[in-house]
2 protein chains.
Amino acid sequence: MQLSELLKQKREKKQLLMREVASLVDVDTAIISKIEKGDRRPTKEQLLKYATALDIDYNKLLTLWYSDKIYHEIKEESLALKILKVAEKRIKQELKNT
Amino acid sequence: MQLSELLKQKREKKQLLMREVASLVDVDTAIISKIEKGDRRPTKEQLLKYATALDIDYNKLLTLWYSDKIYHEIKEESLALKILKVAEKRIKQELKNT
DNA sequence: CTTATATTTGACATATTCTGACAAGAATTA
DNA sequence: TAATTCTTGTCAGAATATGTCAAATATAAG
């Protein structure tokens with residue numbers, strides 16, 4: 001499940017118009033449209049408001065938000081999986097040192 | 001092994017001055033210093049020149065380069081590992097669909 | 001069908017982040 | 001001490017991200 005899909009589904013489940021979500025998240029309706037289309041990622045601040053507005057766990061949104069970002073950064077690279085592994089190792093290493 | 005360390009080690013192994021690497025990579029010496037300190041990431045173009053200049057496998061550099069980037073993006077997040085897992089799933093999913 | 005409402009799209013303005021250039025300071029070596 | 005190398009901070013310009021707006025398209029209601 002991608003962030004954009006989740007946000008759209010939740011909005012529809014709550015039977016809210018984009019205009020209404022836009023008001024709650026405090027952005028232009030055009031932005032909401034683009035977010036649900038996956039053309040844009042919300043800002044972190046918007047994400048928080050989204051969580052409240054649509055009653056979604058913020059950590060879940062945040063996880064998808066970062067994953068989306070990372071995915072787009074490396075999706076064209078054949079080394080993508082290797083890259084993630086190396087990043088994971090580094091994170092784990094860091095966790096040990098604390 | 002981080003990108004910055006590797007680049008420094010390789011330079012020293014070849015007994016090159018920063019000034020010399022700077023020339024080969026075609027940037028200011030200050031940039032090289034910052035790169036080796038981890039204050040800046042080289043551009044992709046610089047990375048390629050680095051590979052040639054220091055005789056390092058480009059894919060290795062590229063992997064570290066992306067990993068570095070991702071690491072810094074999520075290192076403060078307690079969800080970091082989860083984020084990587086989700087990104088990995090998405091990449092794998094994408095690979096299936098081709 | 002035609003009108004009203006909702007959504008999508010594109011163009012442009014603004015803000016934020018990234019990068020390179022430069023100069024002065026600090027460290028190292030001769 | 002002088003020469004050389006490396007480091008650091010600042011600033012301008014480039015690149016990227018985000019917001020605003022208006023017009024185009026799609027959807028629903030009468």
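Here is how names work: the chains are called A, B, and so on, in the same order as the sequence lines, proteins then strands, and each is numbered from 1.
Ion pairing between B:Lys49 and B:Asp26 holds under the 4.0 Å rule for side-chain N and carboxylate O. Ion pair A:Asp55/A:Lys10 not flagged as a salt bridge, since none of the NZ, NE, NH1 or NH2 atoms sits closer than 4.0 Å to an Asp/Glu carboxylate oxygen. Taking the charged nitrogens against the carboxylate oxygens, B:Glu20 and B:Lys14 have no contact shorter than 4.0 Å, which rules out a salt bridge.
Using a 4.5 Å cut-off between side-chain heavy atoms of Ile, Leu, Val, Met, Phe, Trp and Tyr, with links allowed through other members, B:Ile56 and B:Leu17 fall into different hydrophobic clusters.
A donor atom on one side chain and an acceptor atom on the other are found under 3.5 Å apart for A:Tyr71 and B:Glu94.
Rounded to whole angstrom, the span from the CD atom of B:Glu36 across to the P atom of D:dT8 amounts to 12 Å. Straight-line distance from the CD1 atom of B:Ile32 to the P atom of D:dT8: 15 Å, rounded to whole Å. Rounded to whole Å, the distance from NZ on B:Lys49 to C1' on C:dG20 is 13 Å. Straight-line distance from the NZ atom of B:Lys44 to the P atom of C:dG20: 15 Å, rounded to whole Å.
Applying the side chain to side chain donor-acceptor pair (under 3.5 Å) criterion to B:Lys92, with sequence neighbours excluded, gives B:Glu88.
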Please tabulate the protein-to-nucleotide N/O contacts below 3.5 Å involving nucleotides 5-7 of chain C, giving atom names and distances.
| unit_1 | atom_1 | unit_2 | atom_2 | d |
| --- | --- | --- | --- | --- |
| C:dA6 | OP1 | A:Arg19 | NH2 | 2.6 |
| C:dA6 | OP2 | A:Arg19 | NE | 3.4 |
| C:dA6 | OP2 | A:Arg19 | NH2 | 3.1 |
| C:dT7 | OP1 | A:Arg11 | NH1 | 3.4 |
| C:dT7 | OP2 | A:Met18 | N | 3.0 |

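Within the 4.5 Å cutoff, side-chain heavy atoms of B:Ile74 are placed close to those of B:Leu84.
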Just do the side-chain hydrogen bond (donor to acceptor under 3.5 Å, both in side chains) check on B:Lys44 and B:Tyr66 with the steps written out, would you?
CA-CA 10 Å; B:Lys44 238 179 172 178; B:Tyr66 276 113; 2.9 Å; yes

Per-nucleotide protein contact string for nucleotides 10-30 of chain D (B base, S sugar-phosphate only, - none; heavy atom under 4.0 Å)
B-------BBBB---------

